[in-house]
There are 2 protein chains.
Amino acid sequence: MEISPRVQSFVFHFGEMGSRWGFNRTVGQMYALLVVTERPLSATELAETLNISRGNVSMGMKELQSWRLVQVSHIPGDRKEYYRVTGSIWDMANTIFEERKKREVDPTLSLLRDNLLEEPKDKEEAFAFEKMQEIHDLLEMLTQWSGELQRLSPEKLSTLMKLGAGVSKMLSMKDQLFTKNSQPTSDS
Amino acid sequence: MEISPRVQSFVFHFGEMGSRWGFNRTVGQMYALLVVTERPLSATELAETLNISRGNVSMGMKELQSWRLVQVSHIPGDRKEYYRVTGSIWDMANTIFEERKKREVDPTLSLLRDNLLEEPKDKEEAFAFEKMQEIHDLLEMLTQWSGELQRLSPEKLSTLMKLGAGVSKMLSMKDQLFTKNSQPTSDS
DNA sequence: TTAAACTTTCAGAAATTTCTGAAACATGTA
DNA sequence: TACATGTTTCAGAAATTTCTGAAAGTTTAA
């Protein structure tokens, strides 16, 4: 399969950047190519288009499937496996966030929780524990919040984003608002 | 300088994780150690405590300074340079977000902008462009939003987070609210 | 100017990650 | 069974990243 220069530049760029987002260059390229191609692609097509080995594609697809970013599909009368991305761009972003959290934040959170169970032994440790507690709280906040955002529909999220600086204004009116309607927030 | 086992486990863990957050293992360790230590540390102390070379510390400090996560400070009558973290844990998270955005999102955004200037040549390219446009819009949204959040004070942000599921409820009342008070949102 | 005390640089060693390609494996068909 | 058409695995090659440590650089003081 040949691809146009501008699409190619995107695919390659995504490869370079992809490594920052948790997968390596070729996996990034494979994913980008699948995103911008309407029809599902076979492993061989991926390998030939990107000039990478067949084996590498196999491993890459396995990884992308483990991230739930790619699905296998079949074409009637064809024994090959064809790959395509799952869901929308929005789903992609959501999934990447979620998976990264699982791999990067959660382990830190549980380590901090464990470490903070006991009491600090001296002044130095007390200071360290304070900082670790702060990081723990921050990460927990982020975790909780990202959960909320993921439950929000894209439309609502878009509204929230467009609101922009208005968020601040809105917050200052929040108490007033919720008191008026006597609707408590659903705190955990 | 010797550090307690639990603090050490945090420092090492942060090293492993740090590589995910944009810096390598030893830089992550150096930063973690500075975070949990109250007094500023010299390069030699860092090197000895972490068992890494003096040269590596020098490079690491340069990098952390370029991230604006670490500052140099001096002790009167001492020619050594001492390092300490800048700002609070909250500032740290903010800075890391901002720097990562600069390095990871912005280049993609400008590549997409450039690529999308011209018209697609055929049906395949049209589909690809559509997807690229969606990614572009998503990234731009994130960019705009993260800007907003950064301008928000930690207290307000905390309120917003605690609000949790309430955000959704609040949004549905937003129009009503702003109409009542005839206060338009400051859209860009 | 020399020396002492410190920092930075960078070539190349070491460690780690990624990728290839051949062999093993799987599955359907004749 | 033998074969055709696929996929997966994995040892080790290749590429990349990180780290060391010795040499060069900087600054202050006498």
Side-chain angles (χ1 to χ4, degrees), chain A residues 1 11-34 40-67 70-84 103-104, chain B residues 1 11-34 40-67 70-84 103-104:
Chain A
M1 200 182 95
V11 169
F12 284 169
H13 176 90
F14 209 91
E16 306 305 329
M17 286 299 154
S19 69
R20 307 283 191 142
W21 285 94
F23 27 76
N24 67 40
R25 189 168 63 250
T26 48
V27 172
Q29 290 175 1
M30 294 180 221
Y31 186 59
L33 184 55
L34 288 174
L41 298 177
S42 71
T44 310
E45 281 176 307
L46 283 166
E48 284 173 359
T49 308
L50 299 172
N51 274 302
I52 56 183
S53 74
R54 185 63 190 67
N56 198 6
V57 171
S58 178
M59 290 189 300
M61 289 303 107
K62 223 172 88 181
E63 180 170 357
L64 285 173
Q65 280 174 287
S66 87
W67 282 71
V70 157
Q71 283 182 330
V72 180
S73 66
H74 286 275
I75 294 181
D78 191 338
R79 266 166 64 188
K80 277 207 268 316
E81 305 205 310
Y82 287 84
Y83 300 96
R84 60 197 183 81
R103 290 159 202 229
E104 295 162 24
Chain B
M1 198 183 94
V11 168
F12 284 170
H13 177 89
F14 208 90
E16 306 305 330
M17 286 299 154
S19 68
R20 308 282 192 144
W21 285 93
F23 28 76
N24 66 40
R25 187 167 66 249
T26 49
V27 171
Q29 289 176 2
M30 294 180 220
Y31 185 60
L33 184 55
L34 288 175
L41 298 177
S42 71
T44 308
E45 281 175 307
L46 283 166
E48 283 172 0
T49 309
L50 299 172
N51 273 301
I52 56 183
S53 74
R54 185 62 191 68
N56 198 7
V57 172
S58 178
M59 291 189 299
M61 289 303 108
K62 221 172 89 182
E63 180 169 358
L64 285 172
Q65 279 173 287
S66 86
W67 281 72
V70 157
Q71 284 180 329
V72 179
S73 65
H74 287 275
I75 294 180
D78 191 336
R79 265 168 64 188
K80 279 208 269 312
E81 305 206 309
Y82 287 84
Y83 299 96
R84 59 197 183 82
R103 289 159 204 231
E104 295 162 25

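All figures in this text were calculated on a predicted structure; none of them were measured in a lab. By convention in this document, chain letters (A, B, ...) are assigned in the order of the sequence lines, proteins followed by strands, and residues within each chain are numbered from 1.
Following rounding to the nearest Å, A:Ile75 (CD1) and D:dT5 (P) show an atom-to-atom distance of 17 Å. Look at CD on A:Gln65: it is 12 Å from C1' on D:dT7, rounded to the nearest Å. Atoms CG (B:Asp78) and C1' (C:dA4) sit 14 Å apart, rounded to a whole Å. For A:Leu64 and D:dT8, the CG to C1' distance is 16 Å, given to the nearest whole Å. In this structure, A:Glu63 places its CD atom 16 Å from C1' of D:dT9, rounding to the nearest Å. We find that OH of B:Tyr83 is positioned 13 Å from P of C:dC6, with the value rounded to whole Å.
Using a 4.5 Å heavy-atom threshold, the side chains of A:Leu50 and A:Val11 count as touching. Within the 4.5 Å cutoff, side-chain heavy atoms of B:Glu16 are placed close to those of B:Arg25. Contact annotation: the side chain of B:Gln71 never approaches that of B:Gln65 to less than 4.5 Å [non-hydrogen atoms, C-beta and beyond].
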Under 3.5 Å, which protein N or O atoms sit close to an N or O of nucleotides 23-30 of chain D? Give each pair with its distance.
unit_1 : atom_1 : unit_2  : atom_2 : d
D:dT27 : O2     : B:Arg79 : NH2    : 2.9

Check the interface with nucleotides 13-22 of chain C: list each N/O to N/O pair with the protein under 3.5 Å, or write none.
unit_1 : atom_1 : unit_2  : atom_2 : d
C:dC19 : OP1    : A:Thr26 : OG1    : 3.4
C:dC19 : OP2    : A:Asn24 : OD1    : 3.1
C:dC19 : OP2    : A:Asn24 : ND2    : 3.3
C:dC19 : OP2    : A:Thr26 : OG1    : 2.4
C:dT20 : OP2    : A:Ser53 : N      : 2.8
C:dT20 : OP2    : A:Ser53 : OG     : 3.2
C:dT20 : OP2    : A:Asn56 : ND2    : 3.2

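B:Phe23 has its ring centre less than 6.0 Å from the ring centre of B:Trp67.
Taking every heavy atom of both residues into account, B:Leu46 and B:Tyr83 meet most closely at CD1-CD1, 4.3 Å. Closest approach of B:Pro40 to B:Arg84, counting heavy atoms only: CG-CD, 3.7 Å.
An OP1 or OP2 oxygen of C:dT7 is reached within less than 4.0 angstrom by no side-chain nitrogen or oxygen of B:Lys62.
For B:Glu63, there are no salt bridge (charged side-chain N to carboxylate O under 4.0 Å, His left out) partners at least two apart in sequence or on another chain.
Considering A:Val70, A:Val72, A:Asn56 as possible partners of A:Met61, the one that fulfils the side chain to side chain contact (heavy atoms under 4.5 Å, CB included) test is A:Val70.
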